[in-house]
**Q** 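My structure is below; once you've seen it, I'll send some questions.
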Amino acid sequence: MDVIELSDPTDAQIRQWHDVLAAVSAGDPSAGPAPGAEHTAARLLGADRGSPERFWAVPAGDGYAAVAALRLPGGPGADRPGEIDVRVRPERRRAGLGRLLVRSAARALRADGRSGVIAQVSAGTPAVPFLEAHGFTCVLTLRGLVLRLADLPPGRVAGLLSAGPAGYALVRWRGTVPDEHAGALARAKDAMADLVEYEGVPWDADRVREMGELVAKRGDDLYTVAALHDGAIAGFTELVVPAGGGDRAAQYDTAVVPEHRGRRLGIWMKAAMLDWVLSDLPGIREIETDNAGDNPHMLAVNEELGFVPERETREYHALVADLP
């Protein structure tokens, strides 16, 4: 079968692409819900594009049998892995369609000079054996947790806020990081070592701005709370509120710089974020987060706050040279 690239998709092509995502979600409940149709359109049309993206599809009848997206963070030639997402309709699997799409993405990765590629998939879905059969290795297991705000005991957030460590101050901002904190936030993000081994690229001020701009371009809101010590960021936590009025927000990164650990900064900052949500975002009823399986300290923080298990996802990495 033929693979086509979508560089300027029509309304019909966007609907056909979204139909594949909906079919995969319906067939694999553990993969989670499909994104909203408006998010699919925004992505394919480039409205949420902070980095170059390429899209391919395998036509079948009056729709698509499979689709794939490839993001190239940092722009052309950047020494960072690409990010691939392949979706095949359940009834069209095991026919080599996913392999065709991986080949198309591999050619694009080689043309751009990339040496690696990553993918995030839900555990227990057909995506796991598919990636492992195509040269990918699991490098990180993430536990999906959810906090239902209605389940928070009265006074819990206020009590945690009042127990903040001496010598630290909280700051917060909405949207892209202010210039005066960009460099310090990048250094704090480097405290998260989970992905460094295969990303191989440290955070810098430009990269943290790129992340904030990407969230804004797709219409979502980024909220950040940071703990300062002598004017420098000792830790931070981020939350993204999706566009479209949903009732679930997504916890993004949380990290504490190594020399400031052991002072309960993580739970203090997360309590400050919850206080912000409860006071300013009444439509949010749940917060979801991913916890690295090898990070028991942050898992303990989340469990103390009341997060409960919901799913498990895995990060996979492959060398481009090993792809078909």
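Everything numeric in this text was worked out from a predicted model, so none of it was measured. All residue numbers in this chain count up from 1 along the given sequence.
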**Q** Can you see whether Trp203 has Arg207 sitting over its ring - NZ or CZ less than 6.0 Å from the centre and within 45° of the normal?
**A**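 Yes, Arg207 and Trp203 form such a contact.
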**Q** Between Gln251 and Thr237, do the side chains contain a donor N or O and an acceptor N or O under 3.5 Å apart?
**A**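 The criterion, which ignores hydrogens and geometry beyond distance, is satisfied for Gln251 and Thr237.
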**Q** If you define the side chain from C-beta out and look only at heavy atoms, does anything of Asp220 sit under 4.5 Å from His39?
**A**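 Asp220 vs His39: side chains touch.
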**Q** Are any non-hydrogen side-chain atoms of Val177 and Leu222 less than 4.5 angstrom apart?
**A**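 No, side chains not in contact.
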**Q** Do you know the tightest heavy-atom contact between Gly183 and Ala205?
**A**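 Closest heavy-atom pair between Gly183 and Ala205: N-CB, 4.2 Å.
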**Q** Please report the shortest heavy-atom distance between Ala60 and Ala65, naming the atom on each side.
**A**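 Smallest heavy-atom distance, with atoms named: CB-CB, 3.8 Å.
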**Q** For Leu101 and Ala57, which heavy atoms make the closest approach, and how far apart are they?
**A**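 Shortest heavy-atom contact: CD2-N, 4.2 Å.
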**Q** Group every Ile, Leu, Val, Met, Phe, Trp and Tyr by side-chain heavy-atom contacts under 4.5 Å, then state whether Leu305 and Tyr252 land in the same group.
**A**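 Different clusters: Leu305 never reaches Tyr252 through Ile, Leu, Val, Met, Phe, Trp or Tyr contacts under 4.5 Å.
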**Q** Any chance you could measure Arg143, atom CZ, to Leu299, atom CG, to the nearest 0.5 Å?
**A**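 The distance works out to 5.0 Å.
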**Q** With side chains defined as the heavy atoms from C-beta onward, is the minimum distance between Lys189 and Asp253 less than 4.5 Å?
**A**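 Result yes, sub-4.5 Å side-chain heavy-atom pair found.
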**Q** Within the distance-only criterion (no hydrogens, no angle test), does the side chain of Arg110 pair as donor or acceptor with the backbone N or O of Val320 below 3.5 angstrom?
**A**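 Side chain of Arg110 to backbone of Val320, a donor-acceptor pair under 3.5 Å: yes, one is there.
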**Q** Kindly indicate whether the side chain of Arg311, heavy atoms from C-beta on, has any atom under 4.5 Å from the side chain of Glu288.
**A**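 When only atoms from C-beta onward are counted, Glu288 and Arg311 do touch, with a gap below 4.5 Å.
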**Q** Test your reading of the model: is there a side-chain donor-acceptor pair from Thr125 to the backbone of Ser122, 3.5 Å cut-off?
**A**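 Indeed, once roles are kept as given, a pair shorter than 3.5 Å links the two residues.
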**Q** Does the pair Glu53/Lys217 count as a salt bridge with the N-to-O cut at 4.0 Å?
**A**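 So Glu53 does not pair with Lys217 through a salt bridge.
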**Q** Quick test of your reading of the model: are Glu259 and Arg187 salt-bridged, counting only N-O distances below 4.0 Å?
**A**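 Salt bridge: no.
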**Q** Within the 4.5 Å heavy-atom criterion, are Asp290 and Leu145 side-chain neighbours or not?
**A**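 No, their side chains stay 4.5 Å or more apart.
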**Q** So Ile84 and Ile118, side-chain contact (heavy atoms from CB on, under 4.5 Å) or not? Walk me through it.
**A** CA-CA 6 Å; Ile84 190 173; Ile118 59 176; over 6 Å; no
**Q** If hydrophobic clusters are built by linking Ile, Leu, Val, Met, Phe, Trp and Tyr wherever their side-chain heavy atoms come under 4.5 Å apart, do Trp173 and Phe236 end up in the same one?
**A**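 They do share one cluster, since a chain of ILVMFWY contacts under 4.5 Å joins Trp173 to Phe236.
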**Q** Do Pro73 and Glu83 touch side chain to side chain, with heavy atoms closer than 4.5 Å?
**A**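 Yes. Closest side-chain heavy atoms under 4.5 Å.
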**Q** Using atom types as modelled and distance alone, determine if a side-chain donor or acceptor of Thr10 lies under 3.5 Å from a backbone N or O of Gln13.
**A**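 Yes; judged by distance alone, with no hydrogens or angles, the pair exists.
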**Q** In this structure, would Phe130 and Val128 fall into the same cluster of hydrophobic residues linked by side-chain contacts under 4.5 Å?
**A**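 They do share one cluster, since a chain of ILVMFWY contacts under 4.5 Å joins Phe130 to Val128.
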**Q** Treating Asn302 as the side-chain partner and Phe307 as the backbone partner, does any N or O pair qualify as donor plus acceptor under 3.5 Å?
**A**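 No, Asn302 side chain to Phe307 backbone: no donor-acceptor pair under 3.5 Å.
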**Q** Of all heavy-atom pairs between Leu149 and Ile284, which one has the smallest distance, and what is that distance?
**A**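 It is CD1-O, 3.3 Å.
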**Q** If hydrophobic clusters are built from ILVMFWY residues whose side chains come within less than 4.5 Å, do Leu147 and Leu281 share one?
**A**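 Yes, Leu147 connects to Leu281 through the hydrophobic network.
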**Q** What are the two closest heavy atoms between Gly116 and Leu109, and how far apart are they?
**A**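 That closest heavy-atom pairing would be O-CD2, 4.3 Å.
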**Q** Do Arg148 and Glu286 sit within salt-bridge range, that is, some charged N less than 4.0 Å from a carboxylate O?
**A**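 Looking at Glu286 together with Arg148, the answer is yes, because their closest N to O distance falls below 4.0 Å.
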**Q** I want to check something: taking the side chain as every heavy atom from C-beta on, are Met298 and Thr254 in contact at a cut-off of under 4.5 Å?
**A**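 Side-chain contact under 4.5 Å: yes.
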**Q** Between Leu70 and Trp56, is the side-chain contact (heavy atoms from CB on, under 4.5 Å) condition met? List the steps.
**A** CA-CA 9 Å; Leu70 175 68; Trp56 297 272; 3.6 Å; yes
**Q** Please step through salt bridge (charged side-chain N to carboxylate O under 4.0 Å, His left out) for the pair Glu91 and Arg93, ending with a clear verdict.
**A** CA-CA 6 Å; Glu91 71 274 14; Arg93 289 172 182 160; over 6 Å; no
**Q** Between Gln16 (side chain) and Asp62 (backbone), is there a donor-acceptor pair under 3.5 Å?
**A**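 A pair under 3.5 Å: yes.
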**Q** Is Arg87 paired with Asp19 through a side-chain N to carboxylate O contact shorter than 4.0 Å?
**A**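 Looking at Arg87 together with Asp19, the answer is no, because their closest N to O distance does not fall below 4.0 Å.
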**Q** Starting from Met269, can I reach Val257 by hopping between I/L/V/M/F/W/Y residues whose side chains sit under 4.5 Å apart?
**A**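 No; tracing contacts between hydrophobic side chains, which count when under 4.5 Å, never links both residues.
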**Q** Can you list every ring pair (Phe, Tyr, Trp, His ring centres under 6.0 Å) pair that touches residues 209-232, not counting sequence neighbours?
**A**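 Sorted result for residues 209-232: Tyr168-His229, Tyr223-Trp276, His229-His260.
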**Q** Using the side chain to side chain contact (heavy atoms under 4.5 Å, CB included) definition, which of the options Asp280, Leu161, Val225 pairs with Asp275?
**A**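 Of Asp280, Leu161, Val225, side chain to side chain contact (heavy atoms under 4.5 Å, CB included) with Asp275 is met by Leu161 alone.
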**Q** Is there a side-chain contact between Leu170 and Trp268 (heavy atoms, below 4.5 Å)?
**A**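 Touching, per the 4.5 Å side-chain cut-off.
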**Q** Report yes or no: does Asp112 contribute a side-chain atom to a donor-acceptor pair with the main-chain N or O of Arg114 at less than 3.5 Å?
**A**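 A pair under 3.5 Å: no.
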**Q** Minimum heavy-atom separation for His134 to Pro324, with atom names?
**A**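 That would be CD2-CG, 4.2 Å.
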**Q** With a 6.0 Å cut-off (strictly less than), is the heavy-atom count around CZ of Arg285, excluding the residue itself, greater than 12?
**A**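 No, because the 6.0 Å sphere around CZ of Arg285 holds 12 heavy atoms or fewer from other groups.
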**Q** What's the spacing between Tyr316 OH and Gln120 CD if we round to 0.5 Å?
**A**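 Between atom OH of Tyr316 and atom CD of Gln120 there are 12.0 Å.
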**Q** Any donor-acceptor pair under 3.5 Å linking the side chain of Arg89 with the backbone of Tyr64?
**A**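 Yes, Arg89 side chain to Tyr64 backbone: donor-acceptor pair under 3.5 Å.
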**Q** One pair to check against side-chain contact (heavy atoms from CB on, under 4.5 Å): Leu214 and Arg71. What are the steps and the verdict?
**A** CA-CA 12 Å; Leu214 174 62; Arg71 193 167 82 92; 4.1 Å; yes
**Q** Please determine whether salt bridge (charged side-chain N to carboxylate O under 4.0 Å, His left out) holds for the pair Lys270 and Glu304, giving the CA-CA distance in whole Å, both sets of side-chain angles, and the decisive distance to 0.1 Å.
**A** CA-CA 11 Å; Lys270 287 199 169 195; Glu304 183 175 347; over 6 Å; no
**Q** Val146: which other cluster members, linking ILVMFWY side chains closer than 4.5 Å, directly or transitively?
**A**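 Cluster partners of Val146: Val308.
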**Q** Any salt bridge between Arg209 and Asp179, counting N to O under 4.0 Å?
**A**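 A salt bridge is present here (some side-chain N lies under 4.0 Å from a carboxylate O).
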**Q** Given side-chain contact (heavy atoms from CB on, under 4.5 Å), test Val256 with His297 step by step and report yes or no.
**A** CA-CA 11 Å; Val256 176; His297 302 295; over 6 Å; no
**Q** Would you say Arg92 has more than 12 foreign heavy atoms packed within less than 6.0 Å of its CZ?
**A**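 Counting neighbours around CZ of Arg92, 12 or fewer heavy atoms of other residues, nucleotides or ligands fall under 6.0 Å, so no.
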